[in-house]
Amino acid sequence: MAIQSKEVLNEEGKQYHIQCKKGDVGKYVLVPGDPFRTDAIAQMFDNPVLVAHNREHKTWTGTLNGEKVSVTSTGMGGPSAAIAIEELIHCGAETFIRVGTCGRICPESYDESLEGVIITGAVRDEGTTVHYVPIEYPAMADRHVTDALARACEAKGYKFAEGVAQSKDSFYGQHDPDSMPNSGRLHQRWEAWEKSGVMASEMETAALFIVSMIRGVRAGAIMAYGSMNDHTIELSCDAIKILIEEDKKKAGK
């Protein structure tokens, strides 16, 4: 049985950071980093309603295929993402898809025909997840969520690779390593990710995968290279629709 975290509530009985309670969010939740991206994603829902906006966490809830779904922004970095995922699970969320942006790392990722990556696993090059489980434990996407993303991509004919992401804590450690006293280590590790075929660099996926695995829910991720594009949002919503229909079949509905 998965171990669940303790709820931390405010005076109104809502989750302390995301300011939501049970019933406010659906079982299926999209989790971008940027609060402003939630507005664009919510427009893909039927009858979207703004539920809460506190700090970097903005939540909309609507429906897809007749099922309640939500989008909540996690903010930047593993600590903020882990908080959002923990609190969304307390509210009843069971399936997550991270939708966001990333940078390129290995030579294969520089194929200009690629729009982005469906993330299958994450390098835990960050500090949040070691508070959950030793570093040897892998950060892996749920295979059903990954398959739904891949099928959605194939159906639309959009070109997204599948591969591993590096989740880091320092944006400027990537973009300006020579200004860091620890520059030698940063260069050495970046070269290792290049040589090992890591397709993307970002800041939240490892936290999403580890928290989801430990808490017994499922998660996947799809990332656009550079800037967010409509295809990434479209595919994440299509994947949610696939999962909704498959879950209904499993439940005999």
Side-chain angles (χ1 to χ4, degrees), residues 1-10 14-22 24-38 41 51-60 70-102 119-142 145-146 164-171 173-174 198 200-223 236:
M1 179 179 291
I3 303 169
Q4 300 304 319
S5 60
K6 177 183 177 180
E7 290 189 86
V8 180
L9 307 176
N10 65 12
K14 296 179 180 180
Q15 300 296 316
Y16 189 81
H17 298 90
I18 65 171
Q19 300 282 291
C20 295
K21 61 184 185 304
K22 289 180 174 64
D24 284 342
V25 302
K27 293 190 297 183
Y28 307 87
V29 185
L30 301 177
V31 281
D34 185 349
F36 293 101
R37 287 178 184 155
T38 65
I41 294 169
V51 174
H53 189 183
N54 184 55
R55 302 187 186 187
E56 62 267 51
H57 306 300
K58 189 173 186 179
T59 299
W60 292 78
S70 299
V71 54
T72 298
S73 51
T74 64
M76 289 188 289
S80 178
I83 288 170
I85 301 306
E86 292 275 25
E87 296 189 358
L88 286 163
I89 292 170
H90 290 312
C91 290
E94 298 176 1
T95 298
F96 297 95
I97 295 181
R98 168 154 160 68
V99 51
T101 58
C102 64
I119 305 301
T120 57
V123 177
R124 295 170 57 195
D125 196 16
E126 40 71 48
T128 300
T129 63
V130 294
H131 290 265
Y132 282 83
V133 68
I135 196 66
E136 291 82 4
Y137 189 88
M140 299 170 60
D142 178 86
V145 179
T146 301
V164 173
Q166 172 231 19
S167 294
K168 61 185 181 293
D169 278 340
S170 173
F171 177 87
Q174 173 191 340
V198 176
S201 180
E202 51 80 67
M203 299 181 70
E204 294 83 31
T205 299
L208 167 63
F209 289 174
I210 290 294
V211 175
S212 296
M213 294 169 74
I214 297 300
R215 303 303 181 205
V217 300
R218 57 187 184 178
I222 183 167
M223 313 294 294
S236 62

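Computed from a predicted structure; not experimentally measured. Atoms considered below: every heavy atom in the structure, side chains included; atoms not considered: hydrogens, waters and symmetry mates. Residues: numbered from 1 along the sequence shown.
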Check: Can you name the nearest heavy-atom pair linking V198 to V164, along with the distance?
Finding: CG1-O, 3.4 Å
Notebook entry, point to check: So which heavy atom on G75 is nearest to which on E204, and how close?
Noted result: O-OE2, 3.8 Å
Next item on the list: Could you list the residues that satisfy ring pair (Phe, Tyr, Trp, His ring centres under 6.0 Å) with F171, not counting sequence neighbours?
Entry: H175
Item checked: Under the side chain to side chain contact (heavy atoms under 4.5 Å, CB included) test, residues paired with A122 that sit two or more places apart -> A139, S167, T205, A206, F209
Notebook entry, point to check: Side chains of V51 and S70: closer than 4.5 Å at any heavy-atom pair?
Noted result: no
Item checked: Spacing of R98 atom CZ and E202 atom CD [to the nearest 0.5 Å] -> 5.0 Å
Note to self: Quick check for you: to the nearest 0.5 Å, what is the distance between I97 atom CD1 and L208 atom CG?
What the structure shows: 10.0 Å
Margin query: Just verifying a value: how many Å separate I3 CD1 and I214 CD1, rounded to the nearest 0.5 Å?
Written below: 7.0 Å
Next item on the list: Heavy atoms only: give me the nearest T74-H57 pair and the separation to one decimal.
Entry: O-CE1, 3.3 Å
Next item on the list: Could I get the full list of side chain to side chain contact (heavy atoms under 4.5 Å, CB included) partners for H90, not counting sequence neighbours?
Entry: S5, E7, Q15
Check: With sequence neighbours left out, what residues match T146 under side chain to side chain contact (heavy atoms under 4.5 Å, CB included)?
Finding: I118, T120, A141, E162
Checklist line | K14 versus Q19, closest heavy-atom pair with distance | finding: CD-O, 3.4 Å
Notebook entry, point to check: For the side chain of S73 and the backbone of E56, is there at least one donor-acceptor N/O pair under 3.5 Å apart?
Noted result: yes
Checklist line | Considering all heavy atoms, the nearest A165-I119 contact | finding: CB-CD1, 3.7 Å
Next item on the list: Keeping the roles fixed (side chain from N54, backbone from H17), state whether a donor-acceptor pair exists under 3.5 Å.
Entry: yes
Next item on the list: Calculate, to the nearest 0.5 Å, the distance between atoms OH and CZ belonging to Y16 and R55 respectively.
Entry: 6.0 Å
Note to self: For the OG1 atom of T59 and the CG atom of D24, what is their distance to the nearest 0.5 Å?
What the structure shows: 8.5 Å
Next item on the list: Could you tell me which residues satisfy side chain to side chain contact (heavy atoms under 4.5 Å, CB included) with V130, sequence neighbours excluded, listed by chain and number?
Entry: R124, I135
Next item on the list: Can you tell me which residue pairs pass the salt bridge (Lys or Arg N to Asp or Glu O under 4.0 Å) test with a partner in residues 75-94, sequence neighbours excluded?
Entry: E86-R215
Check: Looking only at heavy atoms, which two atoms of S170 and M203 are closest? And how far apart?
Finding: N-CE, 4.3 Å
Note to self: As a quick check of understanding, evaluate side-chain contact (heavy atoms from CB on, under 4.5 Å) for R37 and T101, giving each step before the final call.
What the structure shows: CA-CA 11 Å; R37 287 178 184 155; T101 58; 3.5 Å; yes
Check: Just how far is it from atom NZ of K27 to atom OG1 of T95, taken to the nearest 0.5 Å?
Finding: 8.0 Å
Next item on the list: Could you check if a side-chain atom of I18 sits within less than 4.5 angstrom of a side-chain atom of C91, using non-hydrogen atoms only?
Entry: yes
